[in-house]
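See below for the structure under consideration.
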Amino acid sequence: MLNILRKRAQSVVIQALVLLIAVVFIFWGVGSNLDNNRNAAAVVNDVEIPFQEFQQSYDRAVDTYRQQLGGQVPEGFFEGIGLKKQVINQLIQSELLRQSADKIGLAVSREETQRRIQDMPVFQENGQFVMSRYKDVLGQNRLTPTSFEAGLQSDLITGRVVELIGSFADVPPAAVQAWIDFAKTELKLVYLSFKGSDYLDEVNVEADKLASWYEKKQQDYVTDPQIALQYLYFPFAADMGKVTLEDEQVQQFYNDNIDRYSVKEKRRARHILFKVSDTDSAEVKEEKRLKAEHVLQLLRDGGDFATLAKEYSEGPSRESGGELGFFERGSMVPAFEEAVFSMEPGDLSDLVETSFGYHLILVEDVQPAITKKMEDVRAEIEGLLKKQRVRGLTFQNVSNAYEDIIRAGSLEKYMEQGGKAVQTTDLFARKLPPDSLAKAGALLDVAFGLSKGELSSLVEVEDGYAIGYVKDIKKPEVPPLATVKDKVVSDYKHEQSITLAHAAADKALAIALDAGKLMPEGKGLESGYLKRGGGDGDIPPQLVEAAFALKGGEKLSSEVVAVGDMFYVFEVLEHRQDPTAMEADQKKQLAEQLLVNQQNRLVASWVERLRADAKIWVNDQLIP
């Protein structure tokens, strides 16, 4: 949403299409009043947000979450986070900002929008905008140039509103110093710890109490469902020898997939980075440039590149002496890449300026582009083609067997009529399959959804096809205590030991509160000086957080601090300010972050005011 935040990101990833689409379409929408359809998702000051626009934004939000979560989205996740409400609120907010831009006379021309698009690397090849690539990328994301450009133009307009409002933010030096003082506060503790496992030997397991405990906890011990399975397995490997290939087929595959066997030129380089951002003053930029030129002269005078990189570089590769490894074209920002691929091994660059700052580059090695010969990859191609073709053969075999089983009426009669031998298992749980079914997860997923006496359909498994028949089922049950006694006793002792540890901590705290101080009697441990949000060895962050949360002159907490099966009682011994001075770069970074936070609060307040003054209607039937 916020250009302010995007400027701070300092990454070319910002220009990637996925993030752009997320910003433009998930959070800002494509535009309103497209078709004057009263079937609207919302209306903002008489301007409709069509339901189609809401649905597109919602779908893209869902896709983004799925990508971020690796495709594994729990059932009910989107309802739980209120995604529909989030999307419609963002669309309303977008419309409010667009309307405010109109009122204050802010606009973005179509030409400027097109220039922005042409500058996006995702639509470029070899640094040049390519229209066909532009249309292909949009098509893959179910977008048209018209809708995409309208959405981007809208984003640019609202971004300007955000920048304008944010420009009123100010963080005086006194506020920065206050935050520095807050962040540099340290304290020292004396504490007692009580660990559940230390009390295991004190737990007395009485039969009647154990039985009563198990009665309450028995659902935790319910057995998994089990099935006994009969199945036919048709591995691809059994038919691999039947697949024949002609030389022409191998050659044709090689020709059609030549890119697969072509290796682009790669270059290995090191660099020394002197960071410069868009928000840096001219004085700061000049200071960094002069520093870079000084290091360049040191290199020209024979200085070791890796050593100087470790001393001067401000990039993440500093510790490795600026090492970037091998990379090909398209991996780096254009100016950096152009310099590297115009140099020879051993060459040292002049000063190279990119969006990250100033670079000094040393090219160390070049791996020329090559295309593997067909004979060198013949075995690989033949293996691929055989795997493709064998599927059809194996599928035909399993299909014939399935038809024979149906005609025979049962697996037993199928075998009596000379069918393929059927394999049989004993009862087993889904998470403990027989070794023979280790690669048949898809069959097991199907089989555990069948009833006793049901035959599965054809199921493709990891290395072939299979047919399964559920011969028997054992439903989940609560086992007798005697059957699982060892585990129940272990779990019971673990729970009771934690209860004893907590009780011991409560007792120690009560004594400390009565005395007005912690009296550990030689058992207490003293910490070093601790910072906010951190721990120190055996001291967990939760304990540090509780200590910093004490108010006024309090030294003792009125509550035990619980962390897993550990319990802590503590007393604050001392507060102090970290005596080490904050580096100038850190202080500058803190000031910038505080400014961003202030800008965000101003923008949020502005939007809240716009919303309070607006007439907003949301279609509760379309968005329950």
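Just so we're clear, the structure is a prediction, and the values are computed from it rather than from any experiment.
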- Query: Do NZ/NE/NH1/NH2 and the carboxylate oxygens of Arg268 and Glu323 come within less than 4.0 Å?
  - Reply: yes
- Can we say Arg300 and Asp350 salt-bridge, meaning some charged N sits less than 4.0 Å from an Asp/Glu carboxylate O? yes
- Message: Check this for me: Gln367, atom CD, are more than 12 non-hydrogen atoms of other residues, nucleotides or ligands nearer than 6.0 Å?
- Response: yes
- Message: Quick test of your reading of the model: are Arg378 and Glu375 salt-bridged, counting only N-O distances below 4.0 Å?
- Response: yes
- Query: Taking the six-membered ring of Tyr529, is NZ or CZ of Lys188 closer than 6.0 Å to its centre and within 45° of its axis?
  - Reply: yes
- Indicate yes or no for a side-chain donor-acceptor contact from Asp304 to the backbone of Thr307 under 3.5 Å, with no hydrogens or angles considered. yes
- Message: One thing to verify: whether Glu364 and Arg270 come together as a salt bridge, which I'm taking to mean a side-chain N less than 4.0 angstrom from a carboxylate O.
- Response: yes
- Query: Can you find a heavy atom in the side chain of Arg329 that is under 4.5 Å from one in the side chain of Lys264?
  - Reply: no
- Would you mind checking if Glu293 and Arg289 are paired as a salt bridge, meaning a charged N to carboxylate O distance below 4.0 Å? yes
- Taking NZ, NE, NH1 and NH2 as the nitrogens, is one of them in Glu163 or Arg160 under 4.0 Å from a carboxylate oxygen of the other? no
- Could you walk me through whether Arg60 and Thr64 pass the side chain to side chain donor-acceptor pair (under 3.5 Å) check? CA-CA 6 Å; Arg60 290 189 180 93; Thr64 299; over 6 Å; no
- Message: Any carboxylate oxygen within less than 4.0 angstrom of a Lys/Arg side-chain nitrogen, looking at Lys555 and Glu571?
- Response: no
- Among Leu156, Leu97, Thr158, Val161, find the one that has a side-chain contact (heavy atoms from CB on, under 4.5 Å) with Leu106. Val161
- Query: Are Arg267 and Glu328 within salt-bridge range, i.e. N to O under 4.0 Å?
  - Reply: no
- Message: Check Asp155 with Arg116, please: is the shortest side-chain N to carboxylate O separation under 4.0 Å?
- Response: no
